[in-house]
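Below is one structure, written out as structure tokens, with a few remarks after it.
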Amino acid sequence: GIEPNLGHMPFERVRQCLSQAMGGAQASPEEAFVEQQRNKWAPENRPCDHPFQCDFRDALGLPKHMKFTRGDVIRYERQAARWWHSDKGAAPEAFASFKAAANVLMSSVFRKKYIDEVEAESQVVVELGEEIHWRRFNIRFMKMVDISKRGRPCVPKENSQPSEHQQEDPSLCHVF
């Protein structure tokens, strides 16, 4: 028959499905939870083919309604790495893009900026009767925050003159 997607089922339903799959034997809550997590983070359950083709929160498996912290991002990043690692069937550049998305969401400043930009973009596309073109949106956002070589987002202050080093290499981010 059709295998259920256990990642989105209530716990008791997961337990029933596992019990039926095991020929009526009762699965322990721990076994049911492990199976649920295995299914949720299985590569075939990726939200999109590339982390830039969806909301960064979706690419990390973060619930959109959740107010999350850096620790939450780190925890979800470890799990979502199963989706984006090339050993799990993802494109080789997908993992680097996934790490860049995670770096944006780890910073509380850029996390808020990203969420605000997504909300603003959502309003615009709804008015136009369209959907967000995630790849374009995410690339534009990454250029706006200018991810530095050290992997941390860097946004130049408005109306500030770049230093000598920044003129030579705009990807450097100096925070002093």
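When reading the values below, keep in mind they use all heavy atoms of this one structure, side chains included, and skip hydrogens, waters and symmetry mates.
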Crowded around Lys64 NZ? As in, over 12 foreign heavy atoms under 6.0 Å? yes

Under a 4.5 Å cut-off applied to non-hydrogen side-chain atoms, are Val125 and His133 in contact? no

Would you say Asp72's side chain and Thr69's backbone share a donor-acceptor pair under 3.5 angstrom? yes

Measure from the side-chain N and O atoms of Glu119 to the backbone N and O of Asp116, and report whether any donor-acceptor pair falls under 3.5 Å. no

Is there a donor-acceptor pair under 3.5 Å between the side chain of Arg46 and the backbone N or O of Trp83? yes

I'd like to know if Val34 and Tyr76 are part of one continuous hydrophobic network [Ile/Leu/Val/Met/Phe/Trp/Tyr, side-chain heavy atoms within less than 4.5 Å]. no

Spacing of Lys113 atom NZ and Glu117 atom CD [to the nearest 0.5 Å]: 5.0 Å

Quick check: is Val124 connected to Phe141 through a chain of hydrophobic side chains (ILVMFWY, heavy atoms under 4.5 Å apart)? no

Tell me whether the count of non-hydrogen atoms from other residues, nucleotides or ligands lying under 6.0 Å of CZ in Arg78 goes above 12. no

Please round to the nearest 0.5 Å and tell me the distance separating atom CG of Leu60 and atom CG of Asp55. 10.0 Å

With a cut-off of 6.0 Å (strictly less than), are more than 12 heavy atoms of other residues, nucleotides or ligands near CD of Glu131? no

Spacing of Ser97 atom OG and Met142 atom CE [to the nearest 0.5 Å]: 8.0 Å

Give the intermediate values and the outcome of side-chain contact (heavy atoms from CB on, under 4.5 Å) for residues Ile115 and Arg57. CA-CA 9 Å; Ile115 292 168; Arg57 294 169 289 181; 3.7 Å; yes

Considering all heavy atoms, the nearest Ala94-Pro51 contact: O-CG, 3.3 Å

Would you please test Glu77 and Lys99 for salt bridge (Lys or Arg N to Asp or Glu O under 4.0 Å) and show each step? CA-CA 8 Å; Glu77 176 190 18; Lys99 294 299 278 182; 2.6 Å; yes

Determine yes or no for a side-chain-to-main-chain donor-acceptor pair under 3.5 angstrom, with Asp58 supplying the side chain and Cys54 the backbone. no

Only one of Phe137, Trp84, Tyr114, Phe68 clears ring-ring contact (aromatic ring centres under 6.0 Å, His included) with Phe56; which? Tyr114

Are side-chain heavy atoms of Gln79 and Lys40 found at a separation under 4.5 Å? no

Common cluster, Val126/Trp134, ILVMFWY with side-chain heavy-atom separation under 4.5 Å: no

Are Glu121 and Ile132 side-chain neighbours, meaning at least one heavy-atom pair lies under 4.5 Å? yes

Is there side-chain contact between Phe52 and Ile139, with heavy atoms separated by less than 4.5 Å? yes

To the nearest 0.5 Å, how far apart are CZ in Arg111 and NZ in Lys67? 9.0 Å

Any donor-acceptor pair under 3.5 Å from Asn138 side chain to Gln53 backbone: no

Could you pull out the closest heavy-atom pair between Pro92 and Ser86, with the gap in Å? CA-CB, 4.2 Å

